[in-house]
Amino acid sequence: MKPLITVALPKGRLGNEVCEKFKIAGYSMDETISDTRKLIFEDENLGVRFFWAKPSDVHVYVERGAADVGIIGKDILLEYEPDVYELLDLEIGKCKICVAAKEDFFDNKAKTLRVATKYKTIAKEYYMSKGRKIDIITLNGSIEIAPLLNLSDVIVDIVETGKTLKENNLVIVDKIIDVSARFIVNKSSYRFKEKEINKLKQALESRG
Ligand code: PRP
């Protein structure tokens with residue numbers, strides 16, 4: 001029997017795009033989509049087992065070997081720097097990490113800048129490179145509210161369509177980096193299941 005490859009998929013917005021990518025690659029994802037309560041889906045014929053995880057948890061499963069491979073945003077890789085191989089840019093889930101603020105924002109360099117974000121590492125590195133003193137305010141979601149309620153001066157967050165910023169009268173102050181979904185692999189899985197993992201990688205790569 002061929003070894004089973006366990007694949008960690010990110011739930012939510014990126015998950016839908018990832019499903020399409022696997023479908024194009026020849027994997028039937030019908031069961032994974034229709035049954036939203038079940039968490040693990042096995043396809044013995046194809047030798048794969050899929051499961052859904054929070055996007056920010058995918059690397060934890062892969063780094064520790066509970067999953068052999070996973071799909072994850074480059075933003076999460078930059079933030080947590082997990083010890084995994086990054087084998088492929090899937091070129092989906094394209095967005096950018098930006099600094100954003102209220103339209104009338106003025107950066108008073110005499111003051112410590114209050115930065116609300118869930119990307120602590122990325123924000124720290126960005127402002128360190130600029131020699132700017134900051135106070136990080138860690139939030140887990142709906143970051144855009146922070147400057148509106150004067151919890152922070154700016155935010156560092158993902159911008160995809162720009163709709164959330166626009167609807168909250170916020171503007172981009174600077175783009176930090178472009179990001180997209182990546183195919184990551186557990187280091188020891190790659191040693192023992194290299195053939196199967198490469199087959200999966202090629203399937204995702206070659207069919208758009
Ligand atoms: C992300 C991000 C922004 C929004 C940007 O939030 O944090 O809030 O998407 O997308 P847009 O540019 O297309 O409007 P997400 O939906 O992941 O939820 P969150 O606020 O809980 O992080």
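Note that ligands are numbered from 1 as they come in the structure, with each ligand's atoms numbered from 1 the same way.
Nearest non-hydrogen protein atom to atom 5 (C) of ligand 1 is I158 O, 3.5 Å. Nearest protein heavy-atom contact of atom 9 (O) of ligand 1 is R13 NH2, 2.7 Å. Ranking protein heavy atoms by distance to atom 3 (C) of ligand 1, first place goes to E144 OE2, 3.1 Å. Closest protein heavy atom to atom 20 (O) of ligand 1: S142 N, 2.8 Å. Taking atom 11 (P) of ligand 1 as the reference point, the nearest protein heavy-atom neighbour is T161 OG1, 3.3 Å. The protein non-hydrogen atom at the shortest distance from atom 2 (C) of ligand 1 is D157 OD2, 3.4 Å.
Residues K199 and E196 are not paired through a salt bridge, judged by the lack of any N-O separation under 4.0 Å between the basic side chain and the carboxylate. With salt bridges taken as basic N to acidic carboxylate O contacts below 4.0 Å, one links E160 and R13. Using a 4.0 Å cut-off between charged side-chain N and carboxylate O, D83 and K187 make a salt bridge. A salt bridge between R114 and D153 is present, with a side-chain N of the basic residue lying under 4.0 Å from a carboxylate O of the acidic one. Note on D178 versus K96: no salt bridge recorded, every NZ/NE/NH1/NH2 to OD/OE distance being 4.0 Å or above.
Closest heavy-atom approach to atom 21 (O) of ligand 1 within the set S56, G141, G12: this belongs to G141.
Atom 13 (O) of ligand 1 is approached by the protein to below 4.0 angstrom, counting heavy atoms only.
Per-residue contacts place T164 under 4.0 angstrom from the following atoms of ligand 1 (heavy atoms of the residue considered): 4 (C), 5 (C), 10 (O), 11 (P), 14 (O). Less than 4.0 angstrom separates some heavy atom of K163 from each of these atoms of ligand 1: 12 (O), 14 (O). Here is the list of ligand 1 atoms found below 4.0 Å of a heavy atom in V159: 12 (O).
Residue contacts with ligand 1 do not include K166, since none of its heavy atoms lies under 4.0 Å from the ligand. Residue-ligand proximity: K118 is placed with a non-hydrogen atom under 4.0 Å from ligand 1.
The only option from E86, E91, E81 that meets the salt bridge (Lys or Arg N to Asp or Glu O under 4.0 Å) definition with K74 turns out to be E86.
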Could you go step by step and tell me if F50 and F41 meet the ring-ring contact (aromatic ring centres under 6.0 Å, His included) rule?
CA-CA 5 Å; F50 292 103; F41 306 87; 8.3 Å; no
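Rounded to the nearest 0.5 angstrom, Y126 OH and L78 CG are separated by 15.0 Å.
You'll find the side chain of L90 stays beyond 4.5 Å of the side chain of R182, heavy atoms only.
At least one N or O atom of E160 sits closer than 3.5 Å to an N or O atom of ligand 1.
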